[in-house]
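Just so you know, these numbers use all the heavy atoms, side chains as well, and skip hydrogens, waters and symmetry mates. All chains are named by letter (A, B, ...) in the order of the sequence lines, taking the proteins before the strands, and each is independently numbered beginning at 1.
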Number of protein chains: 2
Amino acid sequence: MSKLSKKEFNREGLLNQGVVFFMNQGYHGTGLQEILDAVNVPKGSFYNYFNSKEEFGAAVIQHYIEPFIARLSAHLQQSGSDALGAIRRYFAELIVELEENQFKGGCLLGSLMGEIGSTSDVCQQSLQSAIARYRDLLQSGLAQAQQQGSVRTDKTPEEMADLLINAWQGALLRMQIEKSSAPVKQCCHDLLDDFFIP
Amino acid sequence: MSKLSKKEFNREGLLNQGVVFFMNQGYHGTGLQEILDAVNVPKGSFYNYFNSKEEFGAAVIQHYIEPFIARLSAHLQQSGSDALGAIRRYFAELIVELEENQFKGGCLLGSLMGEIGSTSDVCQQSLQSAIARYRDLLQSGLAQAQQQGSVRTDKTPEEMADLLINAWQGALLRMQIEKSSAPVKQCCHDLLDDFFIP
DNA sequence: TTATTAAAAACGACCGGTCGTATTTTTAAA
DNA sequence: TTTAAAAATACGACCGGTCGTTTTTAATAA
């Protein structure tokens with residue numbers, strides 16, 4: 001493996017483990033050492049990859065949201081004339097994975113919003129942009145569904161996307177402490193099978 | 001002031017400041033020293049009041065939820081035949097206070113669920129019971145409103161209470177990073193003025 | 001005196017971050 | 001193409017400081 005790609009490999013590893021540790025133990029509850037040990041990167045090398053823990057946190061946030069956007073995007077793209085179905089299937093997939101993980105994870109964005117959303121400007125901005133991107137995608141999916149007649153049109157897609165994201169975040173928190181997927185299932189059902197239907 | 005009541009006074013002060021600091025900086029982001037300094041209690045004395053930071057955190061959670069339950073309860077009690085109006089006014093009051101606080105706070109329960117909901121059993125249980133009490137109260141209010149004909153009856157009050165709490169929590173997180181009360185206002189409007197209406 | 005509580009001092013572990021230095025990679029001149 | 005200078009990266013020891021907790025001492029009550 002060439003040296004250049006090894007650097008990128010290590011960087012990716014740090015971001016991946018950052019997601020895992022921050023999700024399980026929170027930002028302040030996770031020491032850099034834990035992450036570095038997990039990827040076998042020496043302490044002194046960390047600052048060749050990132051300028052500070054805070055900037056690392058911001059990068060982890062962006063790294064975290066990417067696959068979610070890619071997956072939702074893929075579902076929407078291949079859904080043809082059933083955008084609402086694509087959204088339903090996307091969330092159903094997430095629920096399956098949450099169950100597989102025994103409800104340990106939740107959503108990194110939700111956890112970090114509460115923990116450092118008010119204290120770290122850098123991370124706050126990262127959270128803002130991550131959620132905005134996710135929201136915009138969901139919004140476009142709901143707009144498609146409106147044109148297809150499967151979603152009510154007396155609410156803006158923006159409004160519904162926000163409600164769905166917020167309720168989903170809250171349901172994920174509940175899921176964590178109740179160790180049950182009931183909250184997230186209920187949430188999807190209430191909105192996608194009822195409130196959003198014309 | 002007698003010694004006994006001074007001890008109770010200090011204990012209350014610690015809990016109050018615990019709410020403030022945990023809300024602003026998170027659990028792991030707050031050192032005991034900060035809280036102790038704010039209440040002028042020596043560090044060595046902390047363990048005369050609480051057995052550990054973790055148990056202190058669990059106590060802070062219970063201490064935090066109390067006034068919310070009392071206020072919602074009061075609104076419902078004096079609402080007569082307009083339980084839905086009481087719930088609306090309760091949340092409207094909360095929104096005013098959030099705006100006064102410049103969206104700094106959010107909800108301690110939401111923040112701590114994400115940060116330590118999966119790692120601290122003691123706090124997890126405390127969060128569970130705090131939310132359950134709050135939910136039950138909201139549920140009873142919604143049941144009243146159903147009997148009064150102002151809320152739809154094809155959904156259980158439990159289901160609606162959960163959705164309201166979850167969406168509210170998510171909206172509070174959004175409010176924090178967007179520094180705007182728009183998310184919480186939208187949330188209340190979507191549910192209390194639309195989805196819950198028969 | 002003895003028993004009980006408050007508080008000070010001390011504990012080891014760990015925090016994020018910096019340091020000097022060794023090694024490698026890139027750049028540019030020859 | 002070879003070589004020399006410069007820039008970037010790797011790395012572990014180490015920084016001052018803070019963490020939550022424990023032990024020891026001082027003060028108070030019985």
What is the separation between atom [atom1] on [X] and atom [atom2] on [N], rounded to the nearest whole Å?
X	N	atom1	atom2	answer
A:Leu14	D:dA10	CG	C1'	13 Å
B:Gln33	D:dT21	CD	P	14 Å
B:Lys43	C:dA6	NZ	P	19 Å
B:Asn51	C:dT5	CG	P	14 Å
B:Phe46	C:dA8	CZ	C1'	17 Å
A:His28	C:dC15	NE2	C1'	12 Å
B:Leu32	D:dC19	CG	P	8 Å
A:Phe22	C:dG16	CZ	C1'	12 Å

- Query: At what angle, to 10 degrees, do the two end axes of the helix from C:dA6-D:dT25 to C:dA30-D:dT1 meet, given five pairs define each axis?
  - Reply: 0°
- Taking OP1 and OP2 of C:dA7, is either one under 4.0 Å from a side-chain nitrogen or oxygen of B:Ser45? yes
- If only side-chain N and O atoms of B:Tyr47 are considered, is one of them under 4.0 Å from the OP1 or OP2 phosphate oxygen of C:dT5? no
- Query: Sequence neighbours excluded, which residues qualify as ring-ring contact (aromatic ring centres under 6.0 Å, His included) partners of B:Phe46?
  - Reply: B:Phe50, B:Phe56
- Task: State which residues pass ring-ring contact (aromatic ring centres under 6.0 Å, His included) with A:Phe68; sequence neighbours excluded, sorted by chain then number.
- Result: A:Tyr64
- Task: Can you run down the salt bridge (Lys or Arg N to Asp or Glu O under 4.0 Å) pairs that involve residues 18-34 of chain A, sequence neighbours left out, and say none if there aren't any?
- Result: none
- Message: Once salt bridge (Lys or Arg N to Asp or Glu O under 4.0 Å) is applied, what residue pairs with a partner in residues 183-197 of chain A remain, sequence neighbours excluded?
- Response: A:Arg88-A:Asp193, A:Glu99-A:Lys185, A:Asp190-B:Lys155, A:Asp194-B:Arg152, A:Asp194-B:Lys155
- Message: Would you say B:Gln33 and B:Asp37 are linked by a side-chain donor-acceptor pair, where the criterion is simply a distance under 3.5 Å?
- Response: yes
- Query: Is a side-chain donor-acceptor pair under 3.5 Å present for A:Gln25 with B:Thr119?
  - Reply: no
- Between D:dT9, C:dT18, C:dA7, which nucleotide gets closest to the side-chain atoms of A:Asn48? D:dT9
Partners of [X] by salt bridge (Lys or Arg N to Asp or Glu O under 4.0 Å), sequence neighbours excluded?
X	value
A:Glu12	none
B:Glu55	none
A:Glu178	A:Arg174

Pairs under 3.5 angstrom only: tabulate donor-acceptor contacts from the side chains of residues 73-81 of chain A to other protein residues two or more places apart or in another chain.
from    : atom 1 : to      : atom 2 : distance (Å)
A:His75 : ND1    : A:Arg71 : O      : 3.1
A:His75 : NE2    : A:Glu93 : OE2    : 3.0
A:Ser79 : OG     : A:Leu76 : O      : 2.8

- Could you check which residues of residues 35-42 of chain B get a heavy atom under 4.0 Å from DNA chain D? Sort them by number, please. none
- Item | Neighbours of DNA chain D within residues 52-60 of chain B, by heavy-atom distance under 4.0 Å | B:Ser52, B:Lys53
- Message: Here's a test of your reading of the structure: between A:Gly44 and A:Glu34, which maps to the more 5' nucleotide of DNA chain C?
- Response: A:Glu34
- Nearest-0.5 Å distance, CD of residue A:Glu158 to CG of residue A:Leu138: 11.5 Å
- Message: For residues 91-147 of chain B, which residue pairs pass the ring-ring contact (aromatic ring centres under 6.0 Å, His included) check, not counting sequence neighbours?
- Response: B:Phe91-B:Trp168
